[in-house]
Amino acid sequence: MPTIMITGAAGFIGGHVAREAERRGGLSLRLMSHRRPPAGAAGAGPATAGPDPATAGPGSGWGHGHGPGAVVPGHRTVRADLSDPGSLRGVCEGVDVLLHCASQIGGTPEANEAVNARGTAALMAEARRAGVSRVVYLSTASVYGRGAFRAARPEDLVRNPGSPTSGSRARAEDAVLAAGGVVLRPHLVLGDGDRWVVPSLARILRALPGTVEGWAARTSVITAQDLARLLLGAGLAPAGDLTASVYHAAHPVPVTVRTLLGAVAAVAGPAADPAAEDLTAVRARELLAARGIAAQGLDMLTSDHWFDSDPVWRDLRCTPGPDFEAAFKELAEGYRRALLDI
């Protein structure tokens, strides 16, 4: 029975990964969290947790978002703090596969550097010392900066991070790749526990009196459940099946921004009539600024952010889940409740 350690196990993606691992069975799980233990988990780790970092921006805090926690009764919980390398001592002992899903997102540049860059480097040192056979890191397509990107492959792109968070996560990637690990880069992630993507889109919709340049851009989307399957699959796949060290992680079929925002509008409540006016991007930025809404989200909606993810599905012999419209129908009621206060 292989032992898998999941960092950020109480967060958005980490919680989904833990539940996917429990669903598969036949795995011993070690769940690392720096704040609260994942729901239902038992035991205590060899380290004390540090204070919660400041949370802001996509995902809020470590682990890509405020997730519901992983319901994994009986599995060991490890309390450790990536910003405190000493607390990581021994966390990888007996671990076969490390799925690193924890990140500092937002907050100060110093916090991002401490957690994402230096913390990941320290964790990789522990993984090497303990003889962990496979490391998979959950990164982000934000390491590329802003596009346009059309059916883009990792080997054809140059990283150009535009924020302290994405810059520090690029340096985390470097540490993982230097340790022989695998990196997955999703773009937009939807699902139970999302407190950033759809709420941010809802705010933009409510602030604008129509479409922006027809909302014609295409974007890559994946559900948290599908992303969890890919992370776990990459951790357990035979080495010979992996043809790359960096993969894009998305549903293979991109979604038009018009379709994406139409689905969000259906669950977000009253918004401006999208047929009322088609704005230029410049005018839309002015309107968002007047409402105190950051314009960088608009940049992702007015240019293609479509990343080729066929290789990861092919290498892992994994079939993508339902297309966007079918998947969002399953998520709609949860989002409707979550957006009541937006």
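Position 1 is the first residue of the sequence; numbering continues from there.
Taking OG of Ser83 as the reference point, atom CD of Glu113 lies at 12.5 Å (rounded to 0.5 Å). Gln104 contributes atom CD, which lies 10.0 Å from atom CG of Leu82 (distance to the nearest 0.5 angstrom). The distance from the CG atom of Leu260 to the CZ atom of Arg218 is 14.5 Å, given to the nearest 0.5 Å. Put simply, CG on Leu190 and CZ on Phe328 are 6.5 Å apart, with the number rounded to the nearest 0.5 Å. Atom CH2 of residue Trp313 and atom CG of residue Leu230 lie 4.0 Å apart, to the nearest 0.5 angstrom. One finds the OG1 atom of Thr256 at 11.5 Å from the CG atom of Leu301 (value rounded to the nearest 0.5 Å).
Shown here for Ile13 and Ala224, the closest heavy-atom pair between the two residues is CD1-CB, 4.0 Å. Scanning all heavy atoms of the two residues, the minimum distance from Leu279 to Pro209 falls at CD1-CD, 3.8 Å.
When the side chains of ILVMFWY residues are joined at heavy-atom separations under 4.5 Å, either directly or via intervening members, Val143 and Ile222 end up in two distinct hydrophobic clusters. The cluster map of Ile, Leu, Val, Met, Phe, Trp and Tyr, joined by side-chain heavy atoms under 4.5 Å apart, puts Phe324 and Trp306 in different clusters. No single ILVMFWY cluster, assembled from side-chain heavy atoms under 4.5 Å apart, contains both Leu227 and Phe307. Grouping the Ile, Leu, Val, Met, Phe, Trp and Tyr side chains by contacts below 4.5 angstrom, directly or via other members, places Val97 with Leu316. By the criterion of side-chain heavy atoms lying less than 4.5 angstrom apart, applied directly or through intervening Ile, Leu, Val, Met, Phe, Trp or Tyr residues, Val197 is grouped together with Leu339 in one hydrophobic cluster.
In this model, a donor atom of one side chain and an acceptor atom of the other lie less than 3.5 Å apart for Asp315 and Thr243. Donor-acceptor pairing under 3.5 Å is recorded for the side chains of His100 and Thr120.
Ion pairing between Glu22 and Arg19 fails under the 4.0 Å rule for side-chain N and carboxylate O.
A side-chain donor-acceptor contact under 3.5 Å links Tyr335 to the backbone of Gly191. A donor-acceptor pair is defined here as one N or O able to donate and one able to accept, closer than 3.5 Å; no such pair exists between the side chain of Asp96 and the backbone of Ile4. Of the possible polar contacts, one joining the Ser309 side chain to the Ala250 backbone as a donor-acceptor pair under 3.5 Å is found. With Thr7 contributing its side chain and Ala102 its backbone, the two residues share a donor-acceptor pair below 3.5 Å. When atom types are taken as modelled, the side chain of Arg134 and the backbone of Ala234 share a donor-acceptor pair closer than 3.5 angstrom. Using a distance-only test at 3.5 Å, with no hydrogens or angles considered, a donor-acceptor pair links the side chain of Asp278 to the main chain of Gly214.
Judged as a side-chain contact (heavy atoms from CB on, under 4.5 Å), and not counting sequence neighbours, the contacts of Gln296 are Arg146, Ala294, Asp299. With sequence neighbours excluded, no residue forms a side chain to side chain donor-acceptor pair (under 3.5 Å) with Ser200. Legend: residues meeting side chain to side chain donor-acceptor pair (under 3.5 Å) with Arg118, ordered by chain and number and at least two apart, are absent.
Tyr144 pairs with exactly one of Arg159, His187, Arg185 by the side-chain hydrogen bond (donor to acceptor under 3.5 Å, both in side chains) rule, that one being Arg185.
Atom CD of Gln225 has 12 or fewer neighbouring heavy atoms from other residues, nucleotides or ligands inside a 6.0 Å radius.
Annotation: salt bridge (Lys or Arg N to Asp or Glu O under 4.0 Å) contacts involving residues 228-247, sequence neighbours excluded, comprise Asp226-Arg229, Asp241-Arg317. Counting only residues at least two apart or on different chains, no side-chain hydrogen bond (donor to acceptor under 3.5 Å, both in side chains) pair has a member in residues 319-328.
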Per-pair distances, 0.1 Å, donor-acceptor, side chain in residues 148-156, under 3.5 Å, sequence neighbours excluded:
| from | atom 1 | to | atom 2 | distance (Å) |
| --- | --- | --- | --- | --- |
| Arg150 | NE | Asp304 | OD2 | 2.8 |
| Arg153 | NE | Asp156 | OD2 | 2.7 |
| Arg153 | NH2 | Asp156 | OD1 | 3.3 |
| Arg153 | NH2 | Asp156 | OD2 | 2.9 |

Exercise. Between Leu123 and Leu98, does a side chain to side chain contact (heavy atoms under 4.5 Å, CB included) hold up when you go through it step by step?
Worked result: CA-CA 10 Å; Leu123 184 63; Leu98 169 59; 3.9 Å; yes
For this session: I would like to know whether Ser142 and Thr165 meet side chain to side chain contact (heavy atoms under 4.5 Å, CB included); could you show each step before the answer?
Result: CA-CA 9 Å; Ser142 294; Thr165 292; over 6 Å; no
Problem set entry | Intermediate values then yes/no, side chain to side chain contact (heavy atoms under 4.5 Å, CB included), Val267 and Leu331 | CA-CA 10 Å; Val267 300; Leu331 301 172; over 6 Å; no
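Ring pair Phe12/His16 is perpendicular by interplanar angle, where above 60° counts as perpendicular and below 30° as parallel.
The shortest distance between side-chain heavy atoms of Met124 and Val176 falls below 4.5 Å. Looking at heavy atoms from C-beta onward, Val17 lies out of side-chain contact with Leu138 at the 4.5 angstrom threshold. Looking at heavy atoms from C-beta onward, Cys92 lies out of side-chain contact with Arg129 at the 4.5 angstrom threshold. Looking at Leu201 and Leu261, their side chains come closer than 4.5 Å, going by heavy atoms from C-beta outward.
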